[in-house]
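Proteins get letters first, then strands, A, B, ... in listed order; numbering begins at 1 in each. Below, all heavy atoms of this structure are taken into account, side chains as well, without hydrogens, waters or symmetry copies.
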2 protein chains.
Amino acid sequence: MLMRTGWPAVLRTHHLFLTLEPEQFERVAREVRLVRVPAGECFVQAGEPADAFFVVAEGSVKLSLFAANGDEKVLDIIAPGQSFAEALLFMQAPVFPVSATAIADSIVLRVPSVPFCAMLAENRAACFKMLAHLSARLHVQVREIEALTLENARQRLIRFLLARVGTDCKGTSIAHTGEPRNVLASHLSMQPETFSRLIKALTDEGMIRPDGRDFVIEDLARLQRA
Amino acid sequence: MLMRTGWPAVLRTHHLFLTLEPEQFERVAREVRLVRVPAGECFVQAGEPADAFFVVAEGSVKLSLFAANGDEKVLDIIAPGQSFAEALLFMQAPVFPVSATAIADSIVLRVPSVPFCAMLAENRAACFKMLAHLSARLHVQVREIEALTLENARQRLIRFLLARVGTDCKGTSIAHTGEPRNVLASHLSMQPETFSRLIKALTDEGMIRPDGRDFVIEDLARLQRA
DNA sequence: ACGCCGTCTTGATGCATATCAAGGGCAACG
DNA sequence: CGTTGCCCTTGATATGCATCAAGACGGCGT
């Protein structure tokens, strides 16, 4: 459980808030509400009118789209410290384009649009931060479209693993993923079965080794070459 | 050929410039350069450092990505009056993520970053316009990802046609496309063969009728239902 | 420890779309 | 007026991934 003094710190270290003057920060933070979301609960439905954006303080949140037939596509997985739906602040009739569901028990901070926009209006630097933020997000989306159209499932999986490699305490490379595999599969736009088969293939080829929800990288160089 | 007095008008009516004070507009416009691009010429290569963005004044420009094997994906087709690469203004080390190629003989306006950013820094309203602009673009990208992952080729084609319906002088609905079909196919992320077959299928079903580079909508209601 | 349930794997089959190959229309050009 | 080249179409075939259908594994409560 987060201390009452804990969550403003999470907000403070978010890069959209990092450089604010103390009283500007204070004015926005006053209106922020902490929301506890149990694992599996959908706390934002696509199509709802939006009057706030969110910062994830603890846990993990998936953003997804649904087809008419119920098919789900996980657009993004939001880790603690990251935000989502900021882009809606600047839309004419803001409506959430995606649904947000907690994957693990989570704590999210709800930042209402009005005070945040008011703060932006009087802080040029924060405006530019926000522009840079949206711009970076656009860039990520372009890469996503590139991956979907020019790469196959195997390449997408490899790129995903490489994007998550970190170094283990013992010095071995590990791709750390805290999410269930069907969520990862949807994030990569493939079926769980395909995900499973590809993991098996890469394992048989000696490039990786599954380890619970993580993947040990056995041959980083070869993985990068593919 | 555009008059020397013509191109500032195009710039002026672009929504990022529409509400500027005359002297602010003037200061940016002074630095804008007109570039003539013959059909087929690629005037921006992905990977190049970027120090400007572009507004298309005449003709038509495609933005595309290339795979290692040479496969091309047309991300977007820019019509006169529209701009592209504005998001790069706010990146740390701006590099074009896509290539830009004229489809028809075109005239593009090159708007250098530095004076434009300087203008933004002293115009709060323009900043918010830009935020709204990027935000809208993000939204479009989300729809694009949705289309790629949750819809099949036929649905994407139908949605594309519907997005282009306009009314003809004689009152019949027409989807107007000025681009070669292989470009359209790539924009819709399918092969030209698939595009051709789908057009044939919709024609056989009596929903549309091809007419040169346009498509006459024979049964709008049925098209919308699919 | 047992059985239950949800998640993950594995195999068999099917389908949408890509790929390969060949012909047809049309405009530019000699 | 034929030729050339380019797009577009059409058909035959290939393939990657989805779908369907069973198991296997693993956590969890009783």
(message) Within the 4.5 Å heavy-atom criterion, are A/Phe54 and A/Leu109 side-chain neighbours or not?
(response) no
(request) Identify which nucleotide among C/dA18, D/dT10, D/dA18 has an atom closest to any side-chain atom of B/Lys200, counting heavy atoms from C-beta outward. (result) D/dT10
(message) In whole Å, I'd like the distance from the CD atom of B/Glu179 to the C1' atom of D/dC7.
(response) 15 Å
(message) Rounding to an integer number of Å, can you tell me how far B/Asn152 CG sits from D/dC17 C1'?
(response) 14 Å
(message) Nearest heavy atom decides the nucleotide; on that basis, is B/Arg197 or A/Glu193 closer to the 5' end of DNA chain C?
(response) A/Glu193
(message) Working to the nearest 0.5 angstrom, can you tell me the gap between B/Ile199 CD1 and B/Met207 CE?
(response) 12.0 Å
(request) For B/Ile199 and D/dT9, give me the distance from atom CD1 to atom P, rounded to whole Å. (result) 8 Å
(request) Taking only the side-chain heavy atoms of A/Gln191 (C-beta and beyond), determine which of D/dT19, D/dT9, C/dT17 contains the nearest atom. (result) D/dT19
(message) Side chain of A/Ser196 only, heavy atoms from C-beta on: which candidate in D/dC17, C/dT10, C/dT17 is closest?
(response) C/dT10
(request) Find the distance B/Asn69:CG to C/dT19:P and express it as a whole number of Å. (result) 9 Å
(request) Quickly work out the A/Asp204 CG to C/dT9 P distance and round it to whole Å. (result) 13 Å
(request) Measure from CZ on B/Phe195 to P on D/dC7 and round the result to the nearest Å. (result) 15 Å
(message) So that I can tick it off, tell me whether B/Arg159 and B/Glu144 are bridged by a salt bridge, with the cut-off set at under 4.0 angstrom between side-chain N and carboxylate O.
(response) no
(message) Could you check whether atom CZ of A/Arg143 has more than 12 heavy atoms from other residues, nucleotides or ligands sitting under 6.0 Å from it?
(response) no
(message) Mind checking if B/Pro180 touches a base, just sugar-phosphate, or nothing, with heavy atoms under 4.0 Å?
(response) sugar-phosphate
(message) So if I take every side-chain heavy atom of A/Ala153 and compare against D/dT9, C/dC8, D/dC17, which nucleotide ends up nearest?
(response) D/dC17
(message) Please determine whether a side-chain nitrogen or oxygen atom of B/Thr194 lies at a distance below 4.0 Å from atom OP1 or OP2 of C/dT17.
(response) no
(message) Without decimals, in angstroms, what is the distance between B/Asn182 CG and C/dA18 P?
(response) 14 Å
(message) Quick check: on DNA chain D, is the nucleotide nearest B/Arg213 upstream (toward 5') of the one nearest A/Leu198, or the reverse? Name the residue that is more 5'.
(response) B/Arg213
(request) Mind calculating the distance between CE (A/Met190) and C1' (C/dC8) to the nearest angstrom? (result) 15 Å
(request) Decide, yes or no, whether a salt bridge links B/Glu205 with B/Arg154 under the criterion of side-chain N to carboxylate O below 4.0 Å. (result) yes
